[in-house]
Structures are given as C-alpha cells and as structure tokens.
Amino acid sequence: MSEYQFKKIKPPEEGELVRIVDGKLVVPDNPIVAYIEGDGIGPEIVTVARRVLDAAIEKAYGGRRRIVWWEIYAGHKAQEIYGELLPRDTLEAIKYTKVAIKGPLTTPVGGGYRSLNVAIRKALDLYANIRPVQYFGQPAPHRYADKVDFIIFRENTEDLYAGIEWPAGSPEAAKLREFLKKELGVELREDAGIGIKPITKFATQRLMRKALQYAVRKKRRVVTIMHKGNIMKYTEGAFREWAYELALEEFRDHIVTEEELYSKYNGEMPEGKILVNDRIADNMLQQIITRPWDYDIIVAPNINGDYISDEANALVGGIGMAAGMNAGDYMAVAEPVHGTAPKYAGKNKVNPSAEILSGCLLLEHMGWEEPVSLIKEAIRRAIADKKVTYDLARHMPGVEPLGTKEYGEALIEYIKEM
C-alpha cells in the first residue's frame with residue numbers, strides 16, 4: 001500500500017497492483033490502471049479507448065484477465081476538484097499503479113506550467129517517449145505509406161525540452177552574456193535570447209538501452225541513431241557516440257554496426273542480428289520519405305524525435321492515428337500524440353484511434369500482446385470497410401463518417417467476430 005495518503009481520490013477496492021519483482025514488471029490478471037480523461041476531446045476518446053481495450057481483453061482471455069480502471073485528474077477537471085492543474089494525488093496515483101493512460105491536456109496561458117504533459121513526464125522520470133508509426137490502410141499522401149513501420153524512441157527529459165532559456169534583454173541573459181565573454185571569450189549580441197541544450201551520457205544510454213531491449217524482444221531489424229553531430233559535436237555528436245558505446249558494451253551478442261556490416265560481413269547481415277547505424281538529422285528526415293523500408297527503430301534526442309515523429313505520421317495520413325507512450329524503467333503513461341482539439345469537443349466527431357493505439361502500447365508494456373493484435377486487425381478491417389471517422393472519410397469520396405462513439409462500437413463488433 002502506498003505510504004502517501006490520497007486526498008480526494010481512493011484506489012479501487014477490487015483489483016491488484018502491478019509490482020516490480022527482481023527487476024521485472026509483474027502484472028496480475030486484474031491490474032488497477034489509472035486513467036486521466038484530459039481536456040477538449042479527451043473524455044470522448046478516452047471513454048471509447050477504454051471500451052475497445054476492455055472488449056479486446058475479454059475476447060483474448062475469455063474473462064480470465066481484465067483491467068480495473070481508476071480515474072484520476074489533471075487539467076481542467078483537476079482545477080475544478082483540487083484548485084490546481086496537476087495535483088500531487090495524480091502523480092502519486094501513477095506511481096502507485098505504475099501504469100496509466102491519459103487523454104490530451106491543455107496548458108492554459110499563465111497556468112504555471114510550460115506543458116502539463118512535460119510536467120508529468122519530468123515528475124515521474126518517464127524518459128522514453130515511444131511513438132510507433134504504422135499504416136493500417138488509411139488514405140495517405142505518401143506513395144510508400146504501406147512500407148512505413150517505424151517506432152521512434154525520443155528522449156523525454158533533456159535537450160531543448162529541459163526549458164533552460166532566458167529572453168533577450170533580461171537580467172539573466174545579460175549575466176550569462178557577461179560570463180561567456182569574460183570567462184570563455186564568446187561574445188553575443190545584446191538582443192540575443194539564450195538557451196542551453198543539455199544532453200547527458202546517462203540519459204542517452206538509458207534511452208538506447210530501452211530501444212535495444214525492445215528491438216531484441218520484438219525481433220526488430222534496425223536501430224538507427226538520429227543526430228546532428230556534424231554541427232553540435234558535444235551534444236548531439238556525443239549522443240551518437242554514447243548510444244554506440246552502450247550498444248557495443250551491453251548488446252554485443254545481438255548487434256552489428258554498419259561499419260562492421262561492410263568490414264566484416266561484406267554487406268550481408270548475419271542472421272538473427274540487429275543492425276545499429278546512425279543518420280544525420282536532416283538526411284534522416286529525407287530518408288524516411290525516400291527509403292522508408294530501410295528504417296525500423298529510430299532513437300533520437302528530444303527535439304529531433306519530435307520533428308521526425310510528426311513527419312512520419314504525416315506519411316501515413318496524419319495524427320489521428322498517432323499513438324504514444326511515456327515510459328521509465330517500469331512506469332508508463334500512454335497518451336496520443338495529438339492535442340485537445342477544443343473546437344471538436346463534445347461533438348462526437350474525432351478519431352479515437354490514436355488513443356486506442358496508445359492503449360495498445362500500454363498493454364504491450366504489461367505483456368498483454370494478444371488483445372493488441374485483435375485491436376490492430378479491427379482497425380484494419382474498419383478502414384477497409386470504410387467505417388471511419390470524418391478525418392479519414394473526407395479522403396474517401398461518398399463515405400459517410402462515423403462518430404467517435406460509433407467508430408468504437410464498430411471496432412468492438414469486429415473484435416467480437418474474430
């Protein structure tokens with residue numbers, strides 16, 4: 001039991017907690033999973049996602065397993081209940097359950113946070129932002145959309161998202177400019193805004209470790225380190241070097257570097273090995289368009305990971321299908337990549353697939369693979385049968401879109417038929 005005393009929420013009386021035993025996640029058959037509905041369209045898509053996940057779990061395990069859901073609060077709902085956007089109750093509840101799913105959150109102007117999403121990631125040390133990009137047959141602008149199947153591991157705690165910056169003209173910027181000039185011989189204009197971009201060996205290597213653990217477990221083919229090390233040699237260049245170092249030290253039996261591929265293996269991949277290579281960021285952004293079949297898992301510093309995950313999702317039709325999960329060593333919070341879309345809130349219109357697929361990532365994290373396969377197949381069938389929400393229907397002439405709720409019901413029917 002948590003030593004923390006919850007103020008305005010109470011854990012469910014039924015269900016069991018996910019535990020950590022001997023460095024491994026132990027998931028009971030009836031785990032308590034926390035959920036945050038979020039803002040804007042969040043309540044609609046989270047409700048549908050939970051129903052679809054429940055249906056797939058029921059189908060896959062015949063009632064032997066089920067999730068016990070526990071609602072916790074962040075964003076506008078938390079403001080109403082607690083008088084603050086991100087109460088300690090919420091963070092402690094996620095620590096308590098270790099697994100959670102959330103809808104998108106709005107950070108109001110002047111709300112005291114750069115981003116509620118970033119605040120949750122930092123407070124819980126959810127250092128890996130995992131973003132799969134997959135094609136399910138949806139209308140897409142890219143001629144090679146069917147060749148896109150990436151998973152992006154984006155560093156979540158440092159780089160530009162560390163938020164270390166000072167505006168032009170501020171006393172802090174003046175002090176830093178003076179220090180740079182006096183101590184390091186670097187002179188900046190007086191009208192310069194200044195930001196600091198930290199990248200550490202510790203954060204880089206734990207991200208690379210998680211990506212390679214995933215690659216080994218899932219039998220993926222390639223892990224590519226994305227960086228701008230040709231210019232930022234001691235941050236992104238170091239990211240590249242530290243990532244390779246970790247791969248060679250801890251995964252030597254599983255990997256072959258690109259240099260070794262040609263110097264030792266004449267360009268022929270040894271069976272059962274994972275290729276580890278690297279690409280400069282601007283080239284990488286081009287390569288996933290021109291040669292998407294060459295890429296599989298992409299490991300990137302925070303801002304590069306942000307850029308490439310949005311570009312990659314555009315290749316397969318946009319962010320309505322863009323899933324995500326923030327993970328630490330054991331804890332995980334699933335969330336879609338997209339925002340709150342307030343103009344569509346309450347209209348039963350938006351595509352809940354990103355939220356549903358984020359839930360699939362959480363199930364995979366828990367080791368529940370079977371319902372994930374059912375959900376993905378249901379999405380493929382729904383798209384093939386043109387049972388889709390407005391964002392996809394507008395690219396399918398003559399197709400009448402389904403509402404958010406109705407689309408979820410269609411997926412559940414497909415799951416029941418399997």
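Nothing here was measured: the structure is a model prediction, and the numbers come from that model. The figures that follow rest on heavy atoms only: side chains count, while hydrogens, waters and symmetry mates do not.
Within 6.0 Å of CG on Asn266 lie no more than 12 heavy atoms contributed by other residues, nucleotides or ligands. More than 12 heavy atoms of other shown residues, nucleotides or ligands fall within 6.0 angstrom of atom CZ in Phe251. Heavy atoms of other residues, nucleotides or ligands lying less than 6.0 angstrom from CD of Glu268 number 12 at most. The 12-atom threshold is not exceeded at CZ of Arg143, counting heavy atoms of other residues, nucleotides or ligands nearer than 6.0 Å. Under a cut-off of 6.0 angstrom, the local environment of CZ in Arg221 is crowded, with over 12 non-hydrogen atoms contributed by other residues, nucleotides or ligands. Counting heavy-atom neighbours within 6.0 Å of Arg189 CZ, excluding the residue itself, gives a total of 12 or less.
The six-membered or imidazole ring of Tyr35 lies away from that of Trp70, with a centre-to-centre distance of 6.0 Å or more. Side-chain rings of Trp242 and Phe202 stay apart, their centers remaining 6.0 Å or farther from each other.
Between the CE atom of Met226 and the CG atom of Leu285 there is a distance of 4.0 Å, given to the nearest 0.5 Å. Interatomic distance, CD1 of Ile20 versus CG of Leu25, reported as 6.5 Å (0.5 Å rounding). Atoms NZ and CG, from Lys122 and Asn117 in turn, are 13.0 Å apart once rounded to the nearest 0.5 Å. Note: Met331 CE to Lys95 NZ = 7.0 Å, rounded to the nearest 0.5 Å. Atoms CG and CZ, from Leu361 and Arg131 in turn, are 11.5 Å apart once rounded to the nearest 0.5 Å. If you take CD1 on Ile45 and CD1 on Ile356, they are separated by 9.0 Å, rounding to the nearest 0.5 Å.
Using a distance-only test at 3.5 Å, with no hydrogens or angles considered, no donor-acceptor pair links the side chain of Glu92 to the main chain of Thr90. Here the side chain of Glu250 pairs no donor or acceptor atom with the backbone of Arg209 at under 3.5 angstrom. Of the possible donor and acceptor atoms, one in the side chain of Lys233 sits under 3.5 Å from a partner among the backbone N and O of Asn230. Within the 3.5 Å criterion, the main-chain N or O of Asn302 finds a donor-acceptor partner in the side chain of Asp159. At least one donor-acceptor pair under 3.5 Å links the side chain of Arg394 to the backbone N or O of Asp391. A donor-acceptor pair is defined here as one N or O able to donate and one able to accept, closer than 3.5 Å; no such pair exists between the side chain of Asn129 and the backbone of Glu155. A donor-acceptor contact shorter than 3.5 Å links the side chain of Thr97 to the backbone of Ala93.
For Asp278 and Tyr244, the side-chain atoms include at least one donor-acceptor pair closer than 3.5 Å. Using modelled atom types and a 3.5 Å distance limit, the side chains of Asn277 and Thr224 yield a donor-acceptor pair. Using modelled atom types, one finds a donor on one side chain and an acceptor on the other under 3.5 Å when comparing Thr200 with Glu158. Side-chain polar atoms of Arg66 and Asn30 form no donor-acceptor pair below 3.5 angstrom. Checked by atom type, the side-chain pair Asn156/Arg154 shows no donor-acceptor distance below 3.5 Å. For the residue pair Gln79 and Glu84, no side-chain donor N or O sits within less than 3.5 Å of a side-chain acceptor on the partner. Side-chain contact check for Tyr407 and Ser353: at least one donor-acceptor pair (N or O, by modelled atom type) lies under 3.5 Å. Using modelled atom types and a 3.5 Å distance limit, the side chains of Asn348 and Glu406 yield a donor-acceptor pair.
Contact record, Gly305 with Ala300: N-CB, 3.6 Å, taken as the closest heavy-atom pair. Residues Ser358 and Ala334 come closest through the heavy atom pair O-CB, 3.3 Å. Residues Glu335 and Asn326 come closest through the heavy atom pair OE2-ND2, 2.8 Å.
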Problem set entry | Verdict with reasoning, Val333 to Ile101, per side-chain contact (heavy atoms from CB on, under 4.5 Å) | CA-CA 5 Å; Val333 178; Ile101 186 170; over 6 Å; no
Problem set entry | Test log, rule side-chain hydrogen bond (donor to acceptor under 3.5 Å, both in side chains), inputs Tyr265 and Glu260 | CA-CA 7 Å; Tyr265 300 101; Glu260 291 171 339; over 6 Å; no
Problem set entry | Stepwise side-chain contact (heavy atoms from CB on, under 4.5 Å) check, Ile298 with Ile288 | CA-CA 10 Å; Ile298 299 167; Ile288 66 164; 4.2 Å; yes
For this session: Under the side-chain hydrogen bond (donor to acceptor under 3.5 Å, both in side chains) rule, what do Asp385 and Tyr414 come out as? Steps first, then yes or no, please.
Result: CA-CA 11 Å; Asp385 291 344; Tyr414 285 117; 2.6 Å; yes
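Remark: Arg220 engages Asp149, Ile151, Tyr214, Ala215, Lys218, Asp296, Ile297 in a side-chain contact (heavy atoms from CB on, under 4.5 Å) (not counting sequence neighbours). Take Asp329 and apply the side-chain contact (heavy atoms from CB on, under 4.5 Å) test, not counting sequence neighbours, and it matches Tyr127. For Glu355, there are no salt bridge (charged side-chain N to carboxylate O under 4.0 Å, His left out) partners, not counting sequence neighbours.
Contact check on Glu258 versus Arg279 returns a salt bridge, with a Lys/Arg side-chain nitrogen under 4.0 Å from an Asp/Glu carboxylate oxygen. Between Arg51 and Asp54 no salt bridge is recorded (no basic side-chain N to carboxylate O distance below 4.0 Å). The residues Glu190 and Arg177 are annotated as not salt-bridged, no charged nitrogen and carboxylate oxygen being separated by less than 4.0 angstrom. Look at Glu236 and Lys228 and you find no salt bridge, because none of the NZ, NE, NH1 or NH2 atoms lies under 4.0 Å from a carboxylate O.
Geometrically, Lys349 does not engage Tyr344 in a cation-pi contact, judged by NZ or CZ lying under 6.0 Å from the ring centre and within 45° of the ring axis.
Tyr73 and Tyr82 have tilted rings, their planes meeting at an angle from 30° to 60° on a 0 to 90° scale.
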